[in-house]
Amino acid sequence: MAAIAAAALMAGCSDSKNEAPAPATATPPAATPAAAAPETKRVIDQLFDTETIGMNLAYVEKIAGPAMRSEQHRHQFRTDGCEVTLVSDDADKVVNSVEVGITPSCNLSLAPVLGSMAGEPATKLAELSFGRFEQLLGGNYYADCLTLCGNAADPVVYLQAEGSRATGFMDFSVQAPMVEDAVLDATSAWRDAMTKAESEDYVLDTRFNCEPQRFKDVIAPGLKNAKPTVFSFGRGLKFEQGDCN
């Protein structure tokens, strides 16, 4: 009997040693971090881009909303601190050019429209002068009036660079009204030099726009440090030169 009890006790011990261990508690997999939402581009960053040129105006208005004003194929928008004018074709279907007012609240980089030609680091609108524009893109000077201009609107001086292979045949321009002293002094010296070399009628009829290289050595130094008020890019920005016959 004692032998039977001992055998039973040994069997119990053996079963205890052979018992499978309890399974370990499984560690839940780590949560996958949520993907960061793509950064939404500002409206102005979508408009201040060469891809805007040739876009359907209706498509652009889905991005920027309806224009504040539309007159003579010019459609004005205000967004992200910038005043923007889109100039469309005669049918108001396609965007031909973009104009951006240069203000402290609209200090955009020129990289989206000039690429590597904007310099390193890229020039910003607030840093742009007539001289800096000419250094980057070249161009010729024009004016809509230099004498007996009347009071309907301030006359404007332009520096325009025609498109080339380097710019994807995109035209560029800056302009300023003849209001600030630096601009007034430069354009007055320009006018006086042309009147002396030609005549008052030459200036009055704006025939200087027909040969912009001729008196460039007068106007360029005078406007070198002057600040433009509008930057434009697009197709067909060529200045309307009038009767050059």
Side-chain angles (χ1 to χ4, degrees), residues 41-103 105-115 117-118 123-125 128 130 133-134 136-145 152-164 166-179 183 206 209 212 227-242:
K41 292 181 69 175
R42 299 183 306 165
V43 170
I44 187 59
D45 294 328
Q46 296 179 70
L47 298 182
F48 195 69
D49 193 297
T50 54
E51 289 189 1
T52 303
I53 308 306
M55 277 187 179
N56 289 331
L57 181 61
Y59 177 81
V60 175
E61 288 185 323
K62 288 184 178 180
I63 298 172
M68 295 171 55
R69 300 178 188 84
S70 292
E71 185 177 5
Q72 296 181 343
H73 314 301
R74 297 174 58 83
H75 312 277
Q76 298 178 4
F77 299 82
R78 181 179 296 146
T79 180
D80 300 306
C82 296
E83 300 283 345
V84 184
T85 299
L86 305 181
V87 183
S88 61
D89 63 350
D90 291 342
D92 288 332
K93 297 290 187 183
V94 177
V95 177
N96 284 341
S97 62
V98 176
E99 300 175 1
V100 177
I102 302 173
T103 63
S105 64
C106 191
N107 189 22
L108 302 173
S109 167
L110 296 181
V113 295
L114 291 182
M117 295 180 67
T123 302
K124 292 188 174 182
L125 287 178
L128 201 59
F130 280 88
F133 179 95
E134 187 174 356
L136 294 173
L137 294 165
N140 290 313
Y141 294 84
Y142 303 91
D144 50 18
C145 180
D154 292 321
V156 177
V157 60
Y158 304 82
L159 174 55
Q160 294 190 341
E162 292 187 15
S164 64
T167 63
F169 299 101
M170 193 78 62
D171 301 324
F172 293 91
S173 173
V174 287
Q175 66 187 68
M178 299 179 201
V179 175
V183 178
T206 64
N209 288 327
K227 295 288 190 177
T229 58
V230 176
F231 177 89
S232 306
F233 63 95
R235 311 287 186 193
L237 289 181
K238 297 175 180 61
F239 191 81
E240 295 292 335
Q241 297 178 350

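Any value given below was found using the heavy atoms of this structure, including those in side chains, with hydrogens, waters and symmetry copies removed.
A donor-acceptor distance shorter than 3.5 angstrom exists from the side chain of Ser105 to the backbone of Gly81, with no hydrogens or angles considered. A side-chain donor-acceptor contact under 3.5 Å links Asp80 to the backbone of Ile44. Between the side chain of Asp144 and the backbone N or O of Val156 there is at least one donor-acceptor pair closer than 3.5 Å. Side chain of Asp171 to main chain of Gly236: a donor-acceptor pair is present (N/O by atom type, distance under 3.5 Å, no hydrogens or angles).
With contacts defined as side-chain heavy-atom distances shorter than 4.5 Å, the pair Val230/Gln175 qualifies. The side-chain heavy atoms of Thr123 and Leu128, taken from C-beta on, include a pair separated by under 4.5 Å. Counting heavy atoms from C-beta on, the side chains of Val100 and Leu47 never come closer than 4.5 Å. No side-chain heavy atom of Phe172 sits less than 4.5 Å from a side-chain heavy atom of Leu237. The side-chain heavy atoms of Phe48 and Leu110, taken from C-beta on, include a pair separated by under 4.5 Å. A heavy-atom distance below 4.5 Å is found between the side chains of Leu57 and His75. Contact check for Arg235 versus Met170: side-chain heavy atoms found under the 4.5 Å cut-off. Residues Ile102 and Thr229 form no side-chain contact, since every pair of their non-hydrogen atoms from C-beta on lies 4.5 Å or further apart.
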Step by step, work out the side-chain contact (heavy atoms from CB on, under 4.5 Å) result for Phe130 and Val157.
CA-CA 10 Å; Phe130 280 88; Val157 60; 4.3 Å; yes
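For the salt bridge (charged side-chain N to carboxylate O under 4.0 Å, His left out) condition, the pairs that include at least one residue of residues 81-94, sequence neighbours left out, are Arg78-Glu83.
In this structure, the side chain to side chain contact (heavy atoms under 4.5 Å, CB included) partners of Gln46, at least two apart in sequence or on a different chain, are Lys41, Ile63. By the side chain to side chain contact (heavy atoms under 4.5 Å, CB included) test, Ala143 is found to be paired with Leu146, Met178, Trp190, Phe208, residues two or more places apart in sequence or in another chain being considered.
Taken to the nearest 0.5 Å, the CZ atom of Phe133 stands 8.0 Å off from the CD atom of Gln160. Rounded to the nearest 0.5 Å, atoms CG (Leu114) and CZ (Phe233) are 9.5 Å apart.
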